[in-house]
Amino acid sequence: MEQCLIRCAETSDYDSVELIMKQVQQLHVDWRPDIYKPADPVYSRESFEKLISEKRLLVAEQGGAVVGLLSFMYRHVESDKQVTRDVLFVDDLAVSEEYRGQGIGTQLLQVMKDKAKQEHLDGLELQVNARNTAARKMYEKLGFTEKSVNLELL
């Protein structure tokens with residue numbers, strides 16, 4: 001596994017990030033055209049700039065090219081029926097088609113695991129498309145377990 005440079009995204013990364021997000025959006029469309037549709041853009045410039053300003057978008061760089069990305073948010077869970085928790089939630093994790101299976105997603109998630117630990121958070125959470133078996137295997141290999149399952153009736 002070649003080590004990537006993981007860094008905060010910059011404005012100049014927009015085109016690369018958008019290309020990767022379009023690839024992932026197309027996967028979702030292919031899996032579930034009854035739910036997903038092509039989007040252009042996937043990330044608006046405004047939402048991209050907001051993620052950058054809040055330092056919530058990381059990119060993986062290899063050989064000077066952006067080959068992966070991860071966006072995240074902080075979630076505070078508090079109610080009279082749940083234990084109060086503060087977690088990092090991964091919104092998007094995507095790797096360019098030609099770089100998948102090379103450990104880039106693992107490297108991005110390791111940065112998040114380290115961040116959650118350093119910030120003394122209660123966990124790291126994400127959702128995965130039920131048809132994305134490759135991603136699910138990676139998450140399970142990294143120690144993620146099921147927290148809940150979404151069901152639907154068509």
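FYI, the numbering just counts along the sequence from 1.
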Gap separating the CZ atom of Phe144 from the CG atom of Leu126, nearest 0.5 angstrom | 4.5 Å
Find out if a path of hydrophobic residues (ILVMFWY) with successive side-chain heavy-atom gaps under 4.5 Å connects Leu109 to Val87.
-> no
In short, Phe48 meets Thr11 closest at the heavy-atom pair CE2-O, 3.8 Å
Is there a side-chain contact between Lys117 and Lys115 (heavy atoms, below 4.5 Å)?
-> no
Would Ile6 and Leu108 satisfy side-chain contact (heavy atoms from CB on, under 4.5 Å), going step by step from the backbone distance to the final call?
-> CA-CA 7 Å; Ile6 308 292; Leu108 284 160; 3.7 Å; yes
Gln110 atom CD: more than 12 heavy-atom contacts under 6.0 Å | yes
Are side-chain heavy atoms of Val29 and Arg32 found at a separation under 4.5 Å?
-> no
Residues in ring pair (Phe, Tyr, Trp, His ring centres under 6.0 Å) contact with Tyr36, at least two apart in sequence or another chain = His28
Least distance between heavy atoms, Ala39 atom then Gln25 atom = N-CG, 4.2 Å
Under 4.0 Å between a Lys/Arg side-chain N and an Asp/Glu carboxylate O for Glu97 and Lys22?
-> no
May I ask you to test the Ile20-Tyr99 pair for a side-chain heavy-atom distance under 4.5 Å?
-> no
Donor-acceptor side-chain pairing of Glu49 and Tyr14 below 3.5 angstrom | no
Side-chain (Gln26) to main-chain (Pro38) donor-acceptor, under 3.5 angstrom | no
Shared hydrophobic cluster for Val128 and Met112 (ILVMFWY, side-chain gaps under 4.5 Å) | yes
Where the side chain of Arg131 meets the backbone of Trp31, is there a donor-acceptor pair that is under 3.5 Å apart?
-> yes
For Arg85 and Glu125, what are the C-alpha separation, side-chain angles and deciding distance, and is it a side-chain contact (heavy atoms from CB on, under 4.5 Å)?
-> CA-CA 12 Å; Arg85 301 180 71 233; Glu125 298 180 357; 2.9 Å; yes
Neighbour count above 12 (heavy atom, 6.0 Å) for Glu119 CD = yes
Measure the spacing between CE of Met138 and CG of Leu142 and express it to the nearest 0.5 Å.
-> 6.5 Å
Taking the side chain as C-beta and beyond, is there a heavy-atom pair between Asn150 and Gln127 under 4.5 Å?
-> yes
Start with the C-alpha distance between Asp13 and Leu57, add both sets of side-chain angles, then the distance that settles side-chain contact (heavy atoms from CB on, under 4.5 Å), and finish with yes or no.
-> CA-CA 11 Å; Asp13 297 321; Leu57 179 61; over 6 Å; no
Under-4.0 Å salt bridge between Glu54 and Lys50 = yes
Nearest non-hydrogen partners of Glu18 and Pro41, listed with the distance = OE2-CA, 3.0 Å
Could you tell me which non-hydrogen atom of Val95 sits nearest to which non-hydrogen atom of Gly105, and how far apart they are?
-> CG2-N, 3.8 Å
In this structure, CG of Leu27 is separated from CG of Asn129 (nearest 0.5 Å) by 9.0 Å
Glu98 side chain to Ser96 side chain, donor-acceptor N/O pair below 3.5 angstrom = yes
Hey, can you pull the donor-acceptor pairs under 3.5 Å for the side chains in residues 58-73, sequence neighbours left out?
residue : atom : partner : partner atom : Å
Glu61   : OE1  : Arg7    : NE           : 2.8
Glu61   : OE1  : Arg7    : NH2          : 2.8
Ser71   : OG   : Tyr43   : OH           : 3.3
Ser71   : OG   : Asp92   : N            : 3.2
Ser71   : OG   : Asp92   : OD2          : 3.4

Applying the 4.5 Å side-chain criterion to the ILVMFWY set and letting contacts propagate, would Ile104 and Val90 be lumped into a single cluster?
-> yes
Indicate yes or no: at least one non-hydrogen side-chain atom of Arg136 is less than 4.5 angstrom from one of Asn132.
-> no
pair Glu152-Ile35: side-chain heavy atoms closer than 4.5 Å = yes
Could Asp86 and Arg75 be called an ion pair, given the rule that one side-chain N must be under 4.0 Å from one carboxylate O?
-> no
Val77 versus Thr84: any side-chain heavy-atom pair under 4.5 Å?
-> no
Below 4.5 Å, heavy atoms only, C-beta onward: do Leu88 and Leu121 meet side chain to side chain?
-> yes
